[in-house]
Each structure stands twice: as C-alpha cells, then as structure tokens.
Trainee: 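This structure is in structure tokens; I'll ask about it shortly.
Predicted model only: the values in this text are computed from it and were never measured. Quick note: numbers below take in every heavy atom, side chains included, and nothing from hydrogens, waters or symmetry partners. We count ligands from 1, going down the list as the structure has it; atoms in each ligand are counted the same way.
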Amino acid sequence: MRIDLHTHSSASDGTDTPGDLVREAAAAGLDVVALTDHDAMSGWDEAQQAADEAGITLVPGLEISTRFHHRGVHLLGYLPDPTHPPLVRELDRILEGRTARTPAIVAALRGHGIDISEDDVRRESGGSVAAGRPHVADALVRRGVVADRTEAFATLLSPGQPGYVNRYASALEEMIPLVAAAGGVTVLAHPWGRGSRSVLDAGALAALKDLGLAGIEVDHQDHSPVDRAELRALARDLDLVVTGSSDHHGLGKVDHDLGVNTTDPEQYERLLSLVRP
Ligand code: AMP
Ligand code: ZN
Ligand code: FE
Ligand code: FE
C-alpha cells in the first residue's frame with residue numbers, strides 16, 4: 001500500500017486539475033491519495049469521480065492557514081463534514097483574506113516599479129477560490145519579471161520583501177477543535193519546515209494533542225533526516241500519528257513528486273480510526 005496524504009490541485013495553488021492529480025497519483029502507483037488544497041474543499045467532487053474511475057482511494061482533506069505564536073502554521077484536516085457551518089464560516093473568512101490580499105500585493109509590486117495587474121493574477125488563479133502568492137508568482141513569470149516561482153518567493157513575495165502582504169489566518173488552538181467538531185482529524189503539516197521549530201517544540205505539541213491534534217507530518221521534503229528522526233521520537237513519546245507525503249503542487253514546486261514520501265499503512269489506519277463517522 002502506497003499512501004500520500006498531502007497534495008494540491010488547481011483548486012488552490014497546484015497546477016493539475018483535481019481529476020488529473022488523481023489520475024497521476026494512480027499512474028505513480030499510489031493506492032491512497034489525499035487532496036489537501038489550501039483552505040478549500042472545492043476540488044473534492046472532481047477528485048472523487050476520478051478516484052472511482054481509477055480504482056484508488058481518495059481521502060478528502062484540506063490544508064488550513066492558521067497562526068500560532070505569531071507564526072503561520074499549516075494544519076491538515078482530513079474528512080471533515082464540508083457543510084459544517086462553523087467550519088465553512090471560518091474558511092470563508094480565510095478565503096476573503098486571500099481575495100483581499102491580491103490587490104494589495106499588486107499595488108505593492110507596482111509601487112516597486114513592476115508592471116503587473118490584478119487581471120494578470122486572476123488569469124493564473126483561474127478556477128481557484130484560494131488565490132495565493134504562487135499565482136502572483138506565475139503572473140510575474142509570464143511577465144518575464146522572474147524565471148520561476150522559486151525566484152519570485154526568493155526575491156519579491158516573502159516577508160520583508162517588496163511584494164509581501166500579510167493576511168488573515170485562524171488561531172491554531174481554535175482550528176484543531178473546530179475540525180474535530182466537523183467530524184474530521186487534524187495533522188500538523190511540515191511542523192519544522194520554514195523555521196517553525198522554535199514554536200512547535202515538545203511542550204507545544206503536547207498541548208496541541210490535548211486540544212485534539214491526531215498527528216504530525218514527519219516525512220516531508222522541508223525536513224532534514226535529523227528533523228525526521230527527532231520528530232518521529234517526539235511522536236512516539238506523545239502517541240501522535242506519524243504521516244509522510246509529497247506536498248505535490250504539480251509543476252509549481254520542484255522536488256515534490258507524488259509519492260516522494262509516503263505514510264505507513266498502520267499509521268494511516270490509526271488516523272482513520274480517529275475520524276468520527
Ligand atoms: P500563500 O498561501 O498565498 O501565502 O502562499 C504560500 C504558499 O506558497 C505555500 O503554501 C506554498 O505552497 C507556496 N510556496 C512557498 N514558498 C514557495 C517557493 N519557494 N516556491 C514555490 N512555492 C512556494
Ligand atoms: Zn501551496
Ligand atoms: Fe504547507
Ligand atoms: Fe501543502
């Protein structure tokens with residue numbers, strides 16, 4: 001059984017449609033794939049249809065933008081009721097923050113002398129409800145300002161750079177119980193990626209587990225072999241589920257091919273056992 005529990009489609013900032021993503025997962029030899037678009041569940045139906053046709057299992061999920069001790073933390077939610085009103089309301093608030101940020105980023109870049117418009121970005125974000133910096137990056141690539149998304153994030157779109165604008169994110173301590181109230185389970189995405197190790201230490205992980213956190217993503221491309229070993233030991237001490245995944249974004253992120261990291265079947269079963277029917 002090959003299981004990949006974190007991928008993105010064009011419902012957020014991946015470059016494959018949800019259907020294509022699932023077909024690629026099947027072609028890559030995966031038996032189980034989770035679709036976890038940023039703050040959005042709009043790709044689920046198309047992905048489910050493709051999974052039924054391809055004969056693989058889809059785990060409907062999402063990757064939620066949260067805040068913890070002033071840092072952005074990504075929370076994976078699996079199998080929540082997509083109609084649970086309090087969850088829908090909170091996700092709408094995040095999505096509104098994304099929508100409002102785009103013109104602010106465009107204005108900031110224009111102020112920096114870069115010729116880019118909101119229409120340019122809309123063309124890239126297309127059918128996505130979750131407009132993001134990767135779409136701005138794609139617009140900058142098309143304008144010839146940068147070579148690829150990596151250069152856009154390295155030079156213009158990260159904190160402290162000319163095109164960076166903050167946006168709303170939910171409190172992590174509130175989102176974990178909210179996903180649980182919607183019948184789902186939560187896993188911290190790449191907890192020690194991009195400098196979050198300082199806030200997500202053993203004490204914090206124990207407190208988050210008490211709030212209902214089910215697991216942590218250990219095998220992720222943002223984690224070094226040493227990080228992975230330490231996180232695995234922490235998960236064992238705290239009795240947290242351990243997952244592994246690609247965080248695939250289609251052509252949008254290099255070195256994140258489907259199945260590059262996978263989740264142990266026993267850990268997957270444990271995670272599913274925590275989902276409320
Ligand atoms: P946003 O959610 O709009 O704030 O943008 C953050 C997203 O951009 C992350 O979730 C990643 O998917 C993506 N991202 C961050 N850094 C990079 C990078 N260096 N190259 C490509 N994509 C990135
Ligand atoms: Zn992304
Ligand atoms: Fe993430
Ligand atoms: Fe992700």
Trainee: What residue and atom, counting heavy atoms only, is the protein's closest point to atom 12 (O) of ligand 1, and at what distance?
Mentor: His249 NE2, 2.9 Å

Trainee: Would the distance check show the side chain of His190 and the main-chain N or O of Asp247 forming a donor-acceptor pair, the cut-off being under 3.5 Å?
Mentor: no

Trainee: May I ask you to say whether Arg197 pairs ionically with Asp227, meaning some side-chain N is under 4.0 Å from a carboxylate O?
Mentor: yes

Trainee: Between Arg149 and Asp13, does any NZ, NE, NH1 or NH2 come within less than 4.0 Å of an OD or OE carboxylate oxygen?
Mentor: no

Trainee: Mark the output for Arg194 as yes if a heavy-atom distance to ligand 1 is under 4.0 Å, and as no if none is.
Mentor: yes

Trainee: So is His8 touching ligand 1 or not, going by heavy atoms under 4.0 Å?
Mentor: no

Trainee: Do Val187 and Leu75 belong together in a cluster built from hydrophobic side chains that touch within less than 4.5 Å?
Mentor: no

Trainee: Do Arg143 and Asp120 sit within salt-bridge range, that is, some charged N less than 4.0 Å from a carboxylate O?
Mentor: yes

Trainee: Would you call Asp92-Arg89 a salt bridge at under 4.0 Å N-O?
Mentor: no

Trainee: Using non-hydrogen atoms of the residue, decide whether Gly252 is closer than 4.0 angstrom to ligand 1.
Mentor: yes

Trainee: I need the protein N, O or S atoms closer than 2.8 Å to the Fe ion (ligand 4), given as residue plus atom name.
Mentor: His6 NE2, His8 NE2, Glu63 OE1, Asp247 OD1

Trainee: Which residue, Ile105, Thr102, Val165, forms the side-chain contact (heavy atoms from CB on, under 4.5 Å) with Arg133?
Mentor: Ile105

Trainee: Closest non-hydrogen protein atom to atom 6 (C) of ligand 1, residue and atom name please, with distance?
Mentor: Arg133 NH2, 3.4 Å

Trainee: Considering the heavy atoms of Arg98, write down every atom of ligand 1 situated less than 4.0 Å from one of them.
Mentor: 1 (P), 2 (O), 3 (O)

Trainee: Quick test of your reading: applying side chain to side chain donor-acceptor pair (under 3.5 Å), list the pairs with at least one residue in residues 265-277, sequence neighbours left out, ordered by first then second residue.
Mentor: Asp239-Arg270

Trainee: Check ligand 1 against Asp13 and write out every atom of the ligand that is under 4.0 Å from a heavy-atom position of the residue.
Mentor: 7 (C), 12 (O)

Trainee: How long is the straight-line distance from NE2 of His112 back to CD of Gln161, given to the nearest 0.5 Å?
Mentor: 9.5 Å

Trainee: Taking the six-membered ring for Trp and the single ring otherwise, decide whether the centroids of His38 and His74 are under 6.0 Å apart.
Mentor: yes

Trainee: Got the closest protein heavy atom to atom 10 (O) of ligand 1, with its distance?
Mentor: His38 CE1, 3.0 Å

Trainee: Identify, for atom 23 (C) of ligand 1, the protein heavy atom at the shortest distance, and state residue, atom and that distance.
Mentor: Phe153 CE1, 3.4 Å

Trainee: Please confirm whether the ring centroid of His249 lies under 6.0 Å from the ring centroid of His8.
Mentor: yes

Trainee: Under a 4.0 Å heavy-atom limit, does Lys253 contact ligand 1 with its side chain, its backbone, both, or neither?
Mentor: side chain

Trainee: For atom CG of Leu251, is the number of surrounding heavy atoms from other residues, nucleotides or ligands below 6.0 Å larger than 12?
Mentor: no

Trainee: If the cut-off is 4.0 Å to any non-hydrogen atom of His74, which atoms of ligand 1 fall inside it?
Mentor: 10 (O)

Trainee: Record the part of Arg101 in heavy-atom contact with ligand 1 below 4.0 Å; permitted values are side chain, backbone, both and neither.
Mentor: side chain

Trainee: Is it true that a side-chain atom of Trp44 and a backbone atom of Gly61 form a donor plus acceptor pair closer than 3.5 Å?
Mentor: yes

Trainee: Give the atoms of ligand 1, by number and element, whose distance to some non-hydrogen atom of Gly132 is under 4.0 Å.
Mentor: 3 (O)

Trainee: Closer than 4.0 angstrom: is that true for some heavy atom of Glu63 and an atom of ligand 1?
Mentor: no

